Amino acid sequence: MKKLFETAKIKEIDKYTIDNEPIDSIDLVERASSVFVNEFCRRYASRQNRIYVFAGQGNNGADALAIARMLIEKGYNVFTYLINPSNKLSEDCEANKRRIRSEGNQQFVEVVSSFAPPGLEPQDIIIDGLFGSGLNRPLEGGFAKIVEYINHSESTVVSVDIPSGLFGEDNKNNNSRYIIQADLTLTFEFPKLSFLLPENALFVGEWKALPVGLHPDALLKIKTSYGLITDDDIASLISARERFAHKGDFGHALLVAGSVGKIGAAVLSAKGCMRSGVGLLTVHLPGRGEVIMQTSLPEAMIEMDKNADYVTKLTNLSKYNAIGIGPGIGKENGTKELLEELLNTANGKPLVIDADALNIIAENSELLHHLPEGTIITPHFGEFDRLAGASESAYERMQKARSIAAEQKICIVLKGAYTAVCTPTGKVFFNTSGNPGMATAGSGDVLTGILLGLLAQGYHPEEASAIGAYLHGIAGDLAAANFSEESLIAGDIIQMLGTAFKQMHDAMS
């Protein structure tokens, strides 16, 4: 997995690079600024737009001043404002101030006391380099006013490394009024954790991580609990199939799903399971689901519950390699009793628990502590808050999920734009695939089926969680490319799962 680091550890990596490459700090600034400028020029090639650079007093300001100088050299019309109310700059910022001044640029203003803001137009581009990722308290005073001024403009805003005012991790105690609302954030080497949390989307905008050549030994040596799931990771995890393999080699899954009016959830989940490569699938359904399932998915076997409207009783579980429960099952008393029985009799078989099964657990909190080790649960934010209590921020919610996963030795797939896979070892891996079109009925049911199929094939719960989340997102991306985000439905994700697998195989070839 590609490592992600908290801001304090990013400083360690920078220092290690400076000490061991070796490279002077000012030259590392030059390297990062050059990478930023290359990407900026690729996106904003026209020299007709006015560029307004706002630089702060620290090393983010040093980057911004270097960027301004480089853009001037490339023929851009750049106006640079160095905001220095304390009349004290970091060493690198001071050095880059001297460099830009030595070139005789007449459109450079150092603001020490009063600030006469420029008249910004919609066609102008603002480069925000006021504050970097080391900020740990809300902006105030003159800096807060400048942020408000920029946010009230209609100009395009591009932030250097991180939007000024945003904290690198938890922003629960921040003042959102005084955080830059960037259209684009060009960050260095890897995104900050806060970029991956929904409450910060307004500030971060689109983001792209630019490689700046940090020392590879530092990236290996410095430990972190966070990572990004990538194509290469998933491609390396997917097992090759033997020529003489048969269906028994790929596991037998049991899916407990459906109730009156919600048999469709069972169908979607079952199809997701079959498309994930499982050898055999049995679906335990209420009686009235038989015809629907047999006609929708003839490849699946059916085990009928004695109750016509909802599931109440399981038979012998010994023949199954993995069990999934939740899609569309409802919350009847008989279904609750079935879930309790399953948790007590699974006998080490890996479980996937989702949807109504999670809602039953939320209403009977003691069940949360009866989840067998290795269980995968797949809550969206609302379901998780019902399980663990409301959170004031997505960062706090993620930390709760991480803590529960480690304490109970389970995997929590916390669903969202960057689904967070929280593992029994206390690590969190963020999924980078998927799109907003997947926010549609049945999408989570499909994911449950995929995870179940992978578990039945023998993948470790952590592997299954990462592979399942990523493939689900890739299939969603392929479906959106074919049909658009607006028209995407859960069945489209199922249809593209085969192409998603093929994409992973191609990545390895």
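If you're wondering where the values come from, they're calculated on a predicted model, not measured in any experiment. Computation of the quantities below employed the complete heavy-atom set of this structure, encompassing side-chain atoms and omitting hydrogens, waters and symmetry-equivalent molecules.
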So, [X] and [Y], do they make that salt bridge, N to O below 4.0 Å?
X: R101; Y: E110; result: yes
X: E30; Y: R69; result: yes
X: D356; Y: K262; result: yes
X: K9; Y: E12; result: no

Taking atom types as modelled and ignoring hydrogens, do the side chains of [X] and [Y] form a donor-acceptor contact shorter than 3.5 angstrom?
X: T185; Y: T187; answer: no
X: S86; Y: Q57; answer: yes
X: R50; Y: Y52; answer: yes
X: Y178; Y: K145; answer: no
X: D233; Y: T230; answer: yes
X: N59; Y: S90; answer: yes

Would you find more than 12 non-hydrogen atoms of other residues, nucleotides or ligands less than 6.0 Å from [X] atom [atom1]?
X: R137; atom1: CZ; value: no
X: K3; atom1: NZ; value: yes
X: E91; atom1: CD; value: no
X: Q48; atom1: CD; value: no

Just say parallel, tilted or perpendicular for the rings of [X] and [Y], cut-offs at 30° and 60°.
X: Y418; Y: W207; answer: tilted
X: Y81; Y: F54; answer: parallel
X: Y44; Y: F40; answer: tilted

Please round to the nearest 0.5 Å and tell me the distance separating atom CD1 of I51 and atom OG1 of T80.
10.5 Å
What's the spacing between S164 OG and N151 CG if we round to 0.5 Å?
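Rounded to the nearest 0.5 Å, the OG-CG separation comes to 10.0 Å.
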Would the distance check show the side chain of N364 and the main-chain N or O of I360 forming a donor-acceptor pair, the cut-off being under 3.5 Å?
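Here the side-chain-to-backbone pair exists.
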Start with the C-alpha distance between R43 and E39, add both sets of side-chain angles, then the distance that settles salt bridge (charged side-chain N to carboxylate O under 4.0 Å, His left out), and finish with yes or no.
CA-CA 6 Å; R43 290 172 178 258; E39 180 66 20; 2.7 Å; yes
Should S443 and H472 be marked as a side chain to side chain contact (heavy atoms under 4.5 Å, CB included) after you check the CA-CA gap, both sets of side-chain angles, and the distance that decides it?
CA-CA 9 Å; S443 178; H472 182 249; 3.3 Å; yes
Residues R402, E407; criterion salt bridge (charged side-chain N to carboxylate O under 4.0 Å, His left out); working and verdict:
CA-CA 9 Å; R402 180 184 170 202; E407 288 171 4; over 6 Å; no
